[in-house]
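Sharing a structure, written as structure tokens. Questions coming.
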Amino acid sequence: GEGFTSLQTFPYILGWLAAHEKSTDPPWPNLNRFPLPTGLNSLAFHIVGVNDFGVVLFGGLFLVGTAILVFLLGNRLYGPLAGLVASVLSFISGDQLYYSVAGLTESGAAFFIVAIALGYKLAAEESRRQTMWAFWLGLIIGLGFLQRYNLVLLAAVTGILLLIGPERR
């Protein structure tokens with residue numbers, strides 16, 4: 001059909017549509033959609049077909065990936081028991097389960113938030129390989145930004161924390 005559409009839009013989109021002699025009646029193209037979930041949905045549809053499983057495939061993978069990252073972060077911070085408990089609680093959280101099957105961006109956002117926290121922890125504690133971890137952290141933040149634009153705020157926070165160094169935190 002018409003691709004991703006919305007019943008909400010911005011004046012500049014209406015202006016662009018009018019300038020290009022396109023209809024300004026709803027539904028309007030959703031030009032503000034986060035690109036990573038859209039691309040992952042497209043990939044899932046190519047893999048398993050256009051069906052409900054295709055919609056929830058990456059949400060489920062993000063849910064499992066988040067639980068794994070929560071274990072790794074909890075283990076690094078407080079030990080394996082804390083990591084395991086946090087991981088299980090993350091996995092069975094009602095909100096996380098709902099978001100992972102609803103086709104929303106929150107399960108991916110949770111994955112990237114935990115990945116950024118773990119990447120920061122690794123970059124901060126392994127000073128001899130800090131440049132490598134900082135590179136991966138930047139890549140994770142960039143992918144997180146494509147998942148949800150507001151995750152770019154974590155770039156400023158992690159950058160400042162890395163710049164001031166562990167001795168001054």
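Count residues from 1 along the sequence.
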Atom pairs and distances, side-chain donor-acceptor, residues 95-104, under 3.5 Å, sequence neighbours left out:
from   : atom 1 : to    : atom 2 : distance (Å)
Ser100 : OG     : Gln96 : O      : 3.3
Ser100 : OG     : Leu97 : O      : 2.8

Problem set entry | Minimal non-hydrogen separation, Ala155 against Ile141, with atom names |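 Where Ala155 meets Ile141 most closely, the heavy atoms are CB-CG2, 3.6 Å.
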For this session: Check Leu63, Val70, Leu69 against Thr66 for a side chain to side chain contact (heavy atoms under 4.5 Å, CB included) and give me the one that passes.
Result: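 Result for side chain to side chain contact (heavy atoms under 4.5 Å, CB included) with Thr66: Val70.
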Exercise. Which atom names give the shortest non-hydrogen contact between Ala123 and Ala134, and what distance separates them?
Worked result: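 Shortest heavy-atom contact: CB-N, 4.2 Å.
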For this session: Report the C-alpha separation of Leu143 and Phe112 in whole Å, then their side-chain angles, then the decisive distance to 0.1 Å, and conclude whether the side chain to side chain contact (heavy atoms under 4.5 Å, CB included) test is met.
Result: CA-CA 8 Å; Leu143 287 171; Phe112 284 109; 3.6 Å; yes
Problem set entry | Main-chain N/O of Phe34 paired with Gln147 side-chain donor or acceptor, under 3.5 Å | no
Seminar exercise, completed: Shortest non-hydrogen pair, Ser87 vs Phe71, comes out as CB-CB, 3.7 Å
Problem set entry | Nearest-0.5 Å distance, CD of residue Glu125 to OH of residue Tyr120 |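 The CD atom of Glu125 sits 10.0 Å away from the OH atom of Tyr120.
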Exercise. Could you walk me through whether Arg76 and Leu122 pass the side chain to side chain contact (heavy atoms under 4.5 Å, CB included) check?
Worked result: CA-CA 9 Å; Arg76 193 165 280 274; Leu122 293 169; 3.2 Å; yes
Problem set entry | Nearest heavy atoms of Ala115 and Ile140, plus distance in Å |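 Residues Ala115 and Ile140, closest heavy atoms: CB-CG2, 3.7 Å.
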Problem set entry | Rounded distance [0.5 Å steps], CG in Leu14 versus OH in Tyr12 | 10.5 Å
Exercise. With side chains defined as the heavy atoms from C-beta onward, is the minimum distance between Leu139 and Trp136 less than 4.5 Å?
Worked result: yes
Exercise. Rounded to the nearest 0.5 Å, how far apart are CG of Leu36 and OG1 of Thr105?
Worked result: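 Atom-to-atom, Leu36:CG and Thr105:OG1 are 10.0 Å apart.
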Problem set entry | Side chain Thr158, main chain Leu154, donor-acceptor under 3.5 Å | yes
Distance-only check: which donor-acceptor pairs under 3.5 Å involve side-chain atoms of residues 48-62, not counting sequence neighbours?
from  : atom 1 : to    : atom 2 : distance (Å)
Asn51 : OD1    : Phe53 : N      : 3.0
Asn51 : OD1    : Gly54 : N      : 2.8
Asn51 : ND2    : Val48 : O      : 3.0

Exercise. Same hydrophobic cluster for Val88 and Val64, using side-chain heavy-atom links shorter than 4.5 Å among ILVMFWY?
Worked result: yes
Exercise. If you round to the nearest 0.5 Å, how far is CG of Asn41 from NE2 of His46?
Worked result: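 The CG atom of Asn41 is 12.0 Å from NE2 of His46, to the nearest 0.5 Å.
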Exercise. Got a second to check how far Leu84's CG is from Asn75's CG, nearest 0.5 Å?
Worked result: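 Here the interatomic distance stands at 9.5 Å.
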Exercise. Distance from Lys121 atom NZ to Leu77 atom CG, nearest 0.5 Å?
Worked result: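 These two atoms lie 5.5 Å from each other.
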Problem set entry | Tyr149 and Phe145 aromatic ring geometry - parallel, tilted or perpendicular at 30°/60° bounds |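 Correct class here is tilted.
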